[in-house]
Amino acid sequence: MTQYQPQEIEPKWQRAWAEAKAAVVDLRAAGTRFYMLNMFPYPSGDLHVGHGRNYILGDVLYRFFRMQGRVALNPMGWDAFGLPAENAAIKRGIHPRQWTLGNIERMKRQFERWGILYDWSKELASCEPEYYRWNQWLFLQLYEKGLAYRGKAPVNWCPQDQTVLANEQVIDGRCERCGAEVVQRELEQWFLKITDYADRLDAGLDDLAEWPEKVKLMQRNWIGRSVGADIEFPVPSLGRPIRVFTTRPDTVFGATFMVLAPEHPEVAALIADHPDRAAVGRWIAEIRNQSALERQEAGKEGRFTGKFAVNPFTKQEIPIWLGNFVLMQYGTGAIMSVPAHDQRDFEFAKQYGLDIRIVIQPGDSDAPASAAELEEAFTVKDASAVIIDSGLITGLPVPEAIERISDEIERLGLGKKTIRYRLRDWLISRQRYWGTPIPMIYCDRCGLVPVPESDLPVQLPLDVPFTGREGNPLAKHEAFVNVKCPQCGGAARRETDTMDTFVDSSWYYARFISAGDASQIFDSKLVNRWLPVDQYIGGIEHAILHLLYARFICRAMHDLGLLRHEEPFRRLFNQAMITKEGYRDPSSHNAWVALDEVEWREGKPYRGSVELTPEVGKMSKSRFNVVAPDELIERYGADTQRVYTLFIAPPEKEAAWSDEGVIGAYRFLGRVWHLGHQILETVGAPVSSPAPKPPAAVLRKLHQTIDAVTRRFERFEFNTAVSALMELSNVLGEHAAEHAAALRESYLVLVQMLHPFAPHMTEELWSAFGEKGFVLTSSWPVADAALMREETVTIVVQVNGKLRGQIEVPNPPAEEVVMAEVKKNERVQGWVAGKEVVRTIYVPGKLVNVVVR
RNA sequence: GCGAAAGUGGCGGAACUGGCAGACGCGCUGGACUUAGGAUCCAGUGGCCCUCAAGCCGUGCGGGUUCGAGUCCCGCCUUUCGCACCA
């Protein structure tokens with residue numbers, strides 16, 4: 001009997017697909033499109049089984065939709081700029097480009113060995129001028145529209161990576177990449193004005209019906225939309241008011257003091273004649289030098305300015321304080337403090353002995369609480385809370401009071417209703433070499449001058465030294481830095497900052513449609529046909545970062561008239577990572593970001609990935625215990641890895657890799673293989689005479705399986721899809737000895753359904769059976785509903801264990817079948833054909849209606 | 001603290017709208033073939049009871065709804081994941 005030898009089969013079919021250009025798709029071909037996309041990876045070098053899950057999943061889906069007759073596109077590219085390449089250059093003296101291209105080659109090879117089909121005719125790498133020139137072009141369009149600007153702001157500086165970071169790249173006060181504590185610095189940097197799109201990005205989430213709720217929630221929280229009002233509090237000593245933002249204008253009668261951020265522009269004027277000005281100044285300087293993390297850890301702290309504002313509603317003078325907990329970046333950098341109804345204000349007031357005035361109480365309490373007895377702020381804001389002692393809004397429930405007082409604020413010209421967002425502008429400049437040069441020039445005479453489109457791309461010079469010291473190596477490249485001003489022709493300097501690599505990745509999905517087009521960023525007509533991406537797959541770690549940026553840039557491109565859609569990804573799926581030996585391998589879920597340094601927590605690697613040695617091309621297994629795909633493929637084949645990876649758990653769930661478990665997938669494939677050859681030996685490859693009909697049980701199972709597998713594909717339930725195929729294979733196996741010849745057709749249907757999971761083996765079997773073409777290009781089987789059931793069934797109903805009724809009916813019965821009378825508390829059981837359960841609907845005291853499931 | 005998701009055998013996990021809990025697979029036990037097997041095949045495998053049959057108990061804990069609850073409702077406990085002075 002022919003042995004199952006994946007090592008021989010797999011390379012053969014990989015070659016065959018490549019030669020046939022099986023995945024190359026004509027984007028103008030007629031038909032229903034299916035744009036399948038995996039988040040393009042950072043080419044860190046090697047991939048292990050955790051990465052495999054991501055790409056295998058995509059490939060399985062791609063093959064499925066293709067067999068379903070869709071014109072399917074499955075492209076792949078490389079998020080090829082980034083820090084690890086530069087760090088490798090510093091450490092080992094390899095040029096980032098060489099390091100990156102070498103890794104790309106290795107990863108491509110790995111994809112091939114997994115049997116993943118990509119349309120390589122559309123490949124792109126963000127580090128090539130061919131790609132990044134359009135990055136620069138897009139930047140210039142945004143600059144013209146005022147969506148890219150240079151501005152001074154307190155920014156996050158990573159001392160380890162020697163660069164600034166976007167807010168989204170700071171996690172718990174630490175650099176997302178290296179884990180170093182981030183410090184605040186006041187620097188002039190390049191920003192993209194994502195805040196202009198805050199409302200649209202928030203509202204657009206409602207339309208993303210096929211995105212995980214979790215991701216939408218995270219984005220919503222990140223954007224942080226809050227509805228409230230700006231109110232101006234007069235400050236007599238200043239001669240001008242200070243504006244505050246509040247989401248609770250209904251509490252304004254309880255505002256007993258005001259707190260400003262230490263960075264607030266009015267602070268200098270307010271403390272100018274402070275008796276202890278020097279001490280307050282030192283305190284402010286101290287706070288300003290603290291990182292966000294340090295500020296929070298310090299607890300609440302404040303200083304009295306000595307000045308007062310006037311509460312415009314109570315007309316009371318209220319002291320103006322400075323506080324370390326008020327953020328300049330949010331709202332107006334100033335708050336009205338209502339200690340009775342805001343926990344932070346409450347704590348601050350208690351600490352410094354400030355007035356507390358109660359203006360809201362639970363609607364069901366008649367005795368007003370006393371401020372002195374208050375143990376925490378009363379923050380209820382639904383209709384159960386009622387306003388007291390507040391002039392025109394007294395007696396109103398909170399929601400109504402908010403409306404009423406907001407109108408009044410506008411009527412009196414004290415301020416206006418406002419919507420504010422937590423989201424801040426996207427800081428995109430990086431003081432690093434390996435990235436897209438920002439196409440701007442500084443001229444002493446003309447100021448900031450954009451590089452003319454005709455001069456694009458601004459090429460990243462390759463001949464730079466990598467010392468790892470003294471900042472960005474680009475700044476030392478004379479030929480790059482010194483240019484003529486495009487406006488006046490005088491001597492000028494080039495911008496040496498490069499772009500955040502998230503800019504590269506925020507529009508690449510559209511470039512695949514026109515990859516290699518030197519004349520334009522992409523062909524809008526084709527892009528309009530192919531966008532949005534039908535199925536996007538990647539790790540949850542980009543819930544905010546990449547996915548928010550991409551949504552923003554897509555809208556910006558929409559507004560530039562480049563494409564029709566506002567949302568880039570119609571359906572999103574986040575696969576989870578694969579774990580091993582109880583610890584989390586961060587790089588397994590992190591297909592994009594290769595982390596170069598490892599942070600250890602409690603003796604385990606917490607953040608960071610394996611150090612890659614390009615010469616060997618293997619992960620350091622002893623240290624990290626990750627499963628390398630090479631060995632696995634050598635031993636069991638890629639098909640086994642594919643089947644096991646999908647069988648292990650639902651893909652959105654973390655899964656623990658088990659070396660023993662793999663054998664189950666291998667045995668399964670072996671059984672299918674041998675079953676095929678058993679059938680072949682009986683019938684011979686080409687069938688001349690009509691095949692005998694398979695047993696009814698086989699047919700029924702076959703069609704149930706087609707139905708189940710198809711449904712499960714659509715719902716990403718690959719683990720149970722595989723188990724359904726195992727069951728079918730078991731049933732076929734049971735009948736093989738007696739009815740081998742009759743099983744040929746059923747078996748081939750199994751082969752087809754198994755194809756997305758085990759493409760190599762199924763191609764081999766398909767051709768062994770004399771079928772023409774690839775399984776890949778055959779069509780997906782359709783279940784026959786009639787064959788999924790028996791023609792007639794016997795329904796048996798027992799009440800309290802005694803036979804109450806028995807009837808033979810057509811299957812499925814057209815109507816409900818009334819079977820028996822039962823009394824309350826009687827126990828009813830129903831059976832169909834001695835096996836399946838029927839559904840019974842109990843009508844108390846009367847009847848049992850039996851309906852076949 | 002706020003928000004979200006999840007708790008089922010020794011393990012990964014099934015169970016569509018409430019209807020035979022544990023599909024499928026791993027592991028384990030026994031057997032077959034073998035010089036041997038970590039290869040392959042067959043049988044068994046939630047717990048209790050000496051065995052079969054029968055029975056009883058079983059989906060984190062405590063209540064409830066229902067003829068019937070892993071599934072629905074209420075209250076806890078635990079775990080994981082987000083957010084965390086955002087006014």
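Letters go in sequence order (proteins before strands), and every chain restarts at 1.
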Of the options [options], whose atoms approach the side-chain atoms of [X] most closely?
{"X": "A:Leu327", "options": "B:A23, B:A87, B:G12", "result": "B:A87"}
{"X": "A:Lys300", "options": "B:A84, B:C85, B:G27", "result": "B:C85"}
{"X": "A:Arg671", "options": "B:G13, B:C41, B:A87", "result": "B:C41"}
{"X": "A:Ile648", "options": "B:G12, B:C24, B:G82", "result": "B:G12"}
{"X": "A:Val326", "options": "B:U40, B:A87, B:G13", "result": "B:A87"}
{"X": "A:Phe325", "options": "B:C85, B:G12, B:G82", "result": "B:C85"}
{"X": "A:Glu727", "options": "B:A23, B:G82, B:A87", "result": "B:A23"}
{"X": "A:Pro650", "options": "B:U40, B:G13, B:A84", "result": "B:G13"}
{"X": "A:Asn719", "options": "B:A14, B:C24, B:A84", "result": "B:A14"}
{"X": "A:Met726", "options": "B:G25, B:C26, B:G12", "result": "B:G25"}

Pairwise [atom1] distance, [M] and [N] [rounded to whole Å]:
{"N": "B:C67", "M": "B:G62", "atom1": "P", "result": "23 Å"}
{"N": "B:G18", "M": "B:G30", "atom1": "C1'", "result": "40 Å"}
{"N": "B:G44", "M": "B:A23", "atom1": "P", "result": "12 Å"}
{"N": "B:G58", "M": "B:C52", "atom1": "C1'", "result": "22 Å"}
{"N": "B:A39", "M": "B:C33", "atom1": "C1'", "result": "11 Å"}
{"N": "B:U45", "M": "B:A53", "atom1": "P", "result": "10 Å"}
{"N": "B:G70", "M": "B:A32", "atom1": "P", "result": "42 Å"}
{"N": "B:U71", "M": "B:G3", "atom1": "P", "result": "24 Å"}

Exercise. Is there a side-chain polar atom (N or O) of A:Arg667 under 4.0 Å from OP1 or OP2 of B:G27?
Worked result: yes

For this session: Ignoring backbone atoms, test whether A:Asn730 places a side-chain nitrogen or oxygen under 4.0 Å from the OP1 or OP2 oxygen of B:G25.
Result: yes

So what's [N] paired with, Watson-Crick or G-U wobble, going by both distances under 3.5 Å?
{"N": "B:C85", "value": "none"}
{"N": "B:G37", "value": "none"}
{"N": "B:C50", "value": "none"}
{"N": "B:A4", "value": "B:U80"}
{"N": "B:C28", "value": "B:G44"}
{"N": "B:G75", "value": "B:C61"}

Look only at the side chain of [X] and the backbone of [Y], and say whether a donor-acceptor pair between them is shorter than 3.5 Å.
{"X": "A:Thr305", "Y": "A:Ile320", "value": "yes"}
{"X": "A:Arg53", "Y": "A:Ala576", "value": "yes"}
{"X": "A:Tyr352", "Y": "A:Gly302", "value": "yes"}

Would you indicate what [X] reaches in the nucleic acid, counting non-hydrogen atoms under 4.0 angstrom: base, sugar-phosphate, or nothing?
{"X": "A:Asp345", "result": "nothing"}
{"X": "A:Ser226", "result": "sugar-phosphate"}
{"X": "A:Leu217", "result": "sugar-phosphate"}
{"X": "A:Gly661", "result": "sugar-phosphate"}
{"X": "A:Ile663", "result": "sugar-phosphate"}

Problem set entry | Parallel, tilted or perpendicular: ring planes of A:Phe757 versus A:Phe713, cut at 30 and 60 degrees | tilted

For this session: Take the angle between the ring planes of A:Phe245 and A:Tyr330 and call it parallel below 30°, perpendicular above 60°, tilted in between.
Result: perpendicular

For this session: Report the distance from atom CG of A:Leu669 to atom P of B:U40, rounded to the nearest whole Å.
Result: 12 Å

Problem set entry | Whole angstrom value for the distance that separates C1' of B:C81 from CD of A:Glu654 | 9 Å

Problem set entry | base_contact_polar (B:C81 base, A:Lys214 side chain, donor-acceptor, <3.5 Å) | no

For this session: Examine the side chains of A:Gln219 and A:Trp211 and answer whether a donor and an acceptor come within less than 3.5 Å of each other.
Result: no

Problem set entry | Ring-ring centroid check A:Phe718 A:Phe716, cutoff 6.0 Å | yes

